[in-house]
Amino acid sequence: MAKIILTGYMGSGKTLVSEILQHKTGWKLIDLDRYIEQRNDASLQQIFSEKGEVYFRKLEHEAFLEVLNSSGDLILSLGGGTPCYAGNHLLLNGDGRKSFFLQTSVGELAARLSKADNSARPLIKDKSIEELTEFIAKHLFDRNFYYRHATHTITTDGKSAEEIAGEILRLA
Ligand code: S3P
């Protein structure tokens, strides 16, 4: 029983890479954000605005534990902040788990996120392009400590999602 866990900042490509991995392995795919929404019958947007981020982090931790304890081979795409709260970084290894930090540069993340539809990303949805670069740089500085607990770090700049998925499968 194996679990491939993808982690990394918003916009690092977790969703696309996880879909390719699912296609290549035939394993079940869980996107933790969507799992939280289904489990709580509410959108992330609603959870953040009605109950706040601290409450979201509690739901996120519970959902992460639940998914890790489920049986069977699995591709798990985490939310951008998942490893950074509630000791979740300590759950990225062991018990058949291999985790992959998709490491993307600040410039690339800012370029991607400034073009993306961020309406479902409460932390950045109201930021201008100028604000975004500074926000990401500071945020990544704080978060890198947690991301680095992943079993492997995969740099993503200049690589296609297919190439990244291939690298992960060679290490998994
Ligand atoms: C968050 C990232 C989001 C989502 C929530 C919080 C974060 O996931 O979990 O908005 O703290 O970085 P994505 O990385 O899939 O956008």
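Note that ligands are numbered from 1 as they come in the structure, with each ligand's atoms numbered from 1 the same way.
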Would you tell me which option among Lys125, Arg34, Met10, Arg57 has the nearest heavy-atom contact to atom 6 (C) of ligand 1? Arg57

Heavy-atom contacts with Leu123 under 4.0 Å: which atoms of ligand 1 show up? List them by number with element. 7 (C), 11 (O)

When you compare ligand 1 with Tyr9, is there at least one nitrogen or oxygen pair between them that comes in under 3.5 angstrom? no

Give a yes or no on whether His23 atom NE2 has more than 12 heavy-atom contacts from other residues, nucleotides or ligands under 6.0 Å away. no

Report whether Ile4 and Val67 are members of the same hydrophobic cluster (ILVMFWY, side-chain heavy atoms less than 4.5 Å apart, transitive linking). no

Tell me whether Ile129 at atom CD1 has more than 12 heavy atoms from other residues, nucleotides or ligands lying less than 6.0 Å away. no

Counting heavy atoms only, which of Gly80, Ala116, Pro122 comes nearest to atom 10 (O) of ligand 1? Pro122

Residue, atom name and distance, where the atom is the protein heavy atom closest to atom 4 (C) of ligand 1: Asp33 OD2, 3.3 Å

Which ligand 1 atoms are under 4.0 Å away from a heavy-atom of Arg121? 16 (O)

When you compare the side chain of Leu78 with that of Asn88, does any pair of heavy atoms fall below 4.5 Å? no

Ignoring hydrogens, just give me the one of Lys14, Glu53, Arg143 whose non-hydrogen atom is nearest atom 11 (O) of ligand 1. Arg143

Tell me: protein heavy atom nearest atom 5 (C) of ligand 1, and distance? Leu44 CD1, 3.9 Å

Mutual orientation of the aromatic rings belonging to Phe145 and His149 [parallel < 30°, tilted 30-60°, perpendicular > 60°]: perpendicular

Would you tell me whether Ser77 and Thr15 have side-chain atoms, one donor and one acceptor, within less than 3.5 Å of each other? no

Tell me the contacting part of Thr82 for ligand 1: side chain, backbone, both, or neither, using a 4.0 Å heavy-atom threshold, strictly below. neither

Any chance you could lay out the side-chain contact (heavy atoms from CB on, under 4.5 Å) test for Trp27 and Leu74, step after step, and finish with the verdict? CA-CA 6 Å; Trp27 294 3; Leu74 184 73; 5.6 Å; no

